[in-house]
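Bear in mind the structure is a predicted one, so any value in this text is a computation, not a measurement. Order of appearance sets the numbers: ligands from 1, and atoms from 1 within every ligand. The figures here come from the full heavy-atom set of this structure, side chains too, leaving out hydrogens, waters and symmetry mates.
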Amino acid sequence: MKNMAPEDAAALESIETREWLESLDYVLRTGDKSRVFRLMDALRTRARAAGFREPFSSNTPYINTIPATEQVPYPGDRELERRIKSIVRWNALAMVVRANRESDGIGGHISTYASAATLYEVAFNHFFRGKEAGADADLIYFQGHASPGVYARAFLEGRLDETHLHNFRHELREGGGLSSYPHPWLMPDFWEYPTVSMGLGPLMAIYQARFNKYLENRGLKPASTQKVWAFLGDGETDEPEALGAISLAAREKLDNLIFVINCNLQRLDGPVRGNGQIIQELEAVFRGAGWNVIKVLWGSEWDELLAKDTEGLLVKRMGEIVDGEYQRYVVEDGAYLRKNFWGVDPRLEAMVRHLSDADLKKLHVGGHDPVKVYNAYRAATTTQGTPTVVLARTIKGYGLGEAGEGKNITHQQKKMNEGDLKHFRGRFGIPISDDEIADAPFYKPGTDSAELRYMVDRRTSLGGSVPRRVVKAPKLDKSVAASVAKDFEEFYAGTDGRKASTTLVFVKMLTKLLKDKEIGKLIVPIVPDEARTFGMESLFKQVGIYSSIGQLYEPVDKAQLLYYKEAKDGQILEEGITEAGSISSWIAAGTAYAAQGVNTIPFFIFYSMFGFQRVGDFIWAAADARCKGFLLGGTAGRTTLAGEGLQHQDGNSHTLSLTVPTCKSYDPAFAYELATIIEDGITRMYINGEDCFYYITVMNEQYDMPAMPEGKDVKAGIIKGLYRYKAATKKAKHRAQLLGSGTILNEVVKAQGILADYGVAADVWSATSYNELYRDGHSAERWNRLHPLEKARVPYVTECLAKTDGVIVAASDYLKSQPDMISRWVGRPMVTLGTDGFGRSEDRESLRDFFEVDARYIVIATLSALQQQGDIEASVVAKAIADLGINPGKLDPAIS
Ligand SMILES: Cc1ncc(C[n+]2csc(CCOP(=O)(O)OP(=O)(O)O)c2C)c(N)n1
Ligand SMILES: [Mg+2]
């Protein structure tokens with residue numbers, strides 16, 4: 001062949017190929033699959049032995065994974081389902097078009113759902129199981145931008161009315177509206193999972209599926225056939241979170257997980273991979289990670305052509321077109337396709353000679369063919385031992401025609417003129433007259449129409465409508481509060497001179513909670529490879545680390561008391577180094593009270609700097625999902641964590657946690673404060689049923705934990721954010737009120753002592769939460785503004801401080817903006833010290849000097865404030881600066 005003319009070589013190769021394929025066909029007919037694999041293996045081995053190095057590929061050809069010959073027939077009424085789908089399409093489009101006519105710029109998306117309609121409708125009619133299916137009810141993550149289609153279906157099912165649809169993106173209108181995207185916070189009976197911040201949905205879905213297995217393995221939920229479905233965009237897969245945990249899904253054999261990627265080849269601005277093939281790229285990534293990949297690329301019209309493609313020419317041609325060109329095919333006519341796709345080879349051209357240009361244009365892609373989609377889902381739901389991803393090729397803006405089908409502008413298309421609407425109506429056969437079409441009216445057939453009866457019937461047999469959010473778990477009994485209070489008794493008594501850190505105290509509390517008879521089983525400790533940092537390793541042995549396969553090895557430390565114990569019913573979720581994964585587990589556990597009917601109480605402890613700062617958007621989504629539980633920011637405090645420096649020392653997290661409306665943040669100093677806060681959290685979230693969660697910073701500095709001071713208001717003050725910890729013991733000429741939180745409270749107490757020498761009697765207050773004080777202050781202020789005739793409400797912080805005497809100084813291990821937030825309600829000027837700036841690798845003492853938050857700086861701040869109001873001479877302050885060894889010329893930590 002080497003010395004032949006090229007045409008002869010090609011002809012010979014063609015014959016040779018045919019012969020090999022015929023031999024293979026023979027084996028396929030007469031042998032079984034394993035015989036084929038053995039044969040191919042033998043060929044590969046022979047070729048390798050001859051020195052041939054096969055190029056690596058984790059791809060299969062650019063055709064459907066499930067061949068036509070392996071398909072089962074469609075079980076539904078195709079014609080009725082097509083009509084239903086068309087009506088849903090119409091209403092989804094009308095909702096967006098009308099909203100934007102009324103309020104220009106209100107937004108909404110048409111093209112995403114237009115591309116995904118078949119992917120959803122097949123699932124609605126045949127797969128998604130609703131809440132009546134009990135433990136088998138599916139958990140579905142809908143693609144955020146497809147929400148108009150989900151609303152449109154709910155409208156036909158009678159769950160939403162015309163007013164709702166009319167009020168799409170007008171949530172504040174009378175009669176209620178529909179939120180732009182899936183937001184359980186705003187539509188708590190409808191949506192379950194927030195997805196629209198791209199990439200979060202897929203990651204949360206993986207950990208959700210994993211958590212479901214955890215619940216089953218720990219006996220907290222019966223074994224079930226429940227599936228987690230995650231619908232996402234192909235563009236969305238560029239988010240690192242989207243693909244970041246796919247290897248975990250395969251490793252954990254999550255056959256309860258199905259990803260459906262709507263591969264319309266486009267994102268917002270243009271093609272996802274104009275110069276490549278996103279589907280092949282995703283196939284390689286998922287197969288490499290060990291997933292079952294099902295490609296749905298071509299509709300049934302192609303089956304006959306592929307059957308005739310004995311030499312693989314068509315398959316080869318399909319695989320060599322880049323996505324940018326495929327997108328072009330959507331907007332071009334049949335003649336263009338004939339010339340550019342088929343015309344490159346006379347043999348290909350011959351394959352479609354019998355078809356008209358119009359016929360060529362009608363050759364659909366797989367994601368719009370219910371038979372192909374049904375078969376893919378059927379395979380996905382019956383696959384065992386691996387998660388499945390369905391890569392479905394679709395067309396963005398399908399049906400919009402000139403108004404945007406396949407065009408680069410289609411994602412943003414929200415307006416359609418009369419002509420466009422008529423085109424769409426015609427294409428999908430919607431019975432709306434020419435007189436009415438310009439208004440884009442919603443269309444709903446009668447309740448006893450065949451369409452509606454079919455829809456409702458299908459949903460009834462599948463366990464009811466979806467999505468639907470139901471809180472399945474009853475609230476915990478009041479006796480739980482008493483039980484926890486008993487567990488925590490010792491923490492109110494103090495450590496009697498023994499030093500402890502709040503982290504250590506927390507771990508002791510967790511240990512007690514894990515043993516609690518009433519709620520021990522419900523506690524879910526979560527750590528991202530940080531348990532030893534926090535001294536939690538004793539829990540490994542006590543409750544075990546969850547592993548879906550138990551422990552297949554004898555751990556290296558087996559002989560020791562606290563060995564690394566993995567178990568199938570292990571309680572700790574040791575996630576490895578992934579804060580994003582850990583927070584997703586926390587969300588799954590913290591929302592299990594709803595969909596799963598289990599009141600699991602998650603405690604996720606992490607390096608505080610890698611919490612809100614790193615995975616803040618997940619925490620925002622958690623709040624949207626009405627998540628409950630505890631977040632523990634460990635090794636917190638800019639000057640409390642010694643040595644680690646700029647990337648680790650956290651002075652920011654309380655500022656960031658303030659932004660989450662349902663998050664209550666605390667910076668406790670002592671064991672009894674921490675006990676009070678956790679007890680309050682369990683009561684509020686799980687006994688009273690409040691949809692909120694707690695963020696608590698805990699530190700690694702060790703000191704004496706005092707007993708809780710006497711006084712009936714102490715516990716209430718801890719929860720509200722402020723209480724008087726230690727009043728001045730002696731009278732003096734001058735007065736001061738000193739506020740401190742976390743470990744810095746100890747510096748404040750020291751300052752109280754030094755100030756006595758300067759003739760200042762200072763009271764010490766523990767400010768456990770500036771965030772809560774700030775919220776309370778604004779709430780009172782707002783109420784007073786709107787109710788001028790009523791008795792004015794007094795902010796709690798005013799109640800505490802307004803009647804006191806003396807200057808006010810507050811010191812924090814976090815940004816100065818923390819104490820600054822309450823300054824307007826304290827009745828007089830207030831001085832704040834905090835740790836604005838970048839951390840440093842240093843010891844605690846040097847750090848507190850650098851950031852100017854130690855006892856000496858608190859003393860200077862107090863004296864300076866007294867000087868400002870004319871109570872003492874400037875020379876007294878200057879002398880104190882010198883006496884306390886402070887360098888006034890030192891660097892400003894805020895900007896160095
Ligand atoms: C984190 C995040 N970044 C950006 C956006 C804005 N955005 C919304 S939709 C979209 C394009 C979506 O493309 P794709 O995932 O392919 O979905 P399609 O609409 O094509 O199905 C973008 C960039 C977002 N919602 N979330
Ligand atoms: Mg896309």
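- Inter-residue side-chain proximity for Gln208 and Leu257 is flagged as unmet; no heavy-atom pair is nearer than 4.5 Å.
- One finds a salt bridge joining Glu402 and Lys407 here, because a Lys/Arg side-chain nitrogen approaches an Asp/Glu carboxylate oxygen to under 4.0 Å.
- Nearest non-hydrogen protein atom to atom 22 (C) of ligand 1 is Leu268 CD1, 3.8 Å.
- Remark: of the listed residues His109, Gln266, Glu405, Gln266 is the sole one forming a side-chain contact (heavy atoms from CB on, under 4.5 Å) with Thr410.
- For ligand 1, the polar-atom distance check finds an N/O of Thr112 within less than 3.5 Å of one of the ligand's N/O atoms.
- The aromatic ring centroids of Tyr74 and His126 lie less than 6.0 Å from each other.
- Phe442 carries Arg98 over the face of its six-membered ring, with the cationic atom under 6.0 Å from the centre and within 45° of the normal.
- For the Mg ion (ligand 2), the nearby protein N/O/S atoms, meaning those under 2.8 Å, are Asp234 OD1, Asn264 OD1, Gln266 O.
- Per-residue contacts place Val196 under 4.0 angstrom from the following atoms of ligand 1 (heavy atoms of the residue considered): 24 (C), 25 (N), 26 (N).
- Residues Asp691 and Lys628 are paired through a salt bridge, judged by an N-O separation under 4.0 Å between the basic side chain and the carboxylate.
- Close approach of ligand 1 to Asn262 (heavy-atom distance below 4.0 Å) involves ligand atoms 21 (O).
- Ring pair Tyr695/His654 is tilted by interplanar angle, where 30° to 60° counts as tilted.
- Residue Asp234 touches ligand 1 through backbone and side chain together, judged by heavy-atom distances below 4.0 Å.
- The ligand atoms of ligand 1 that sit less than 4.0 angstrom from a heavy atom of Asn264 are 18 (P), 20 (O), 21 (O).
- Distances from atom 17 (O) of ligand 1 to the heavy atoms of Gln143, Arg267, His145, His109 put Gln143 nearest.
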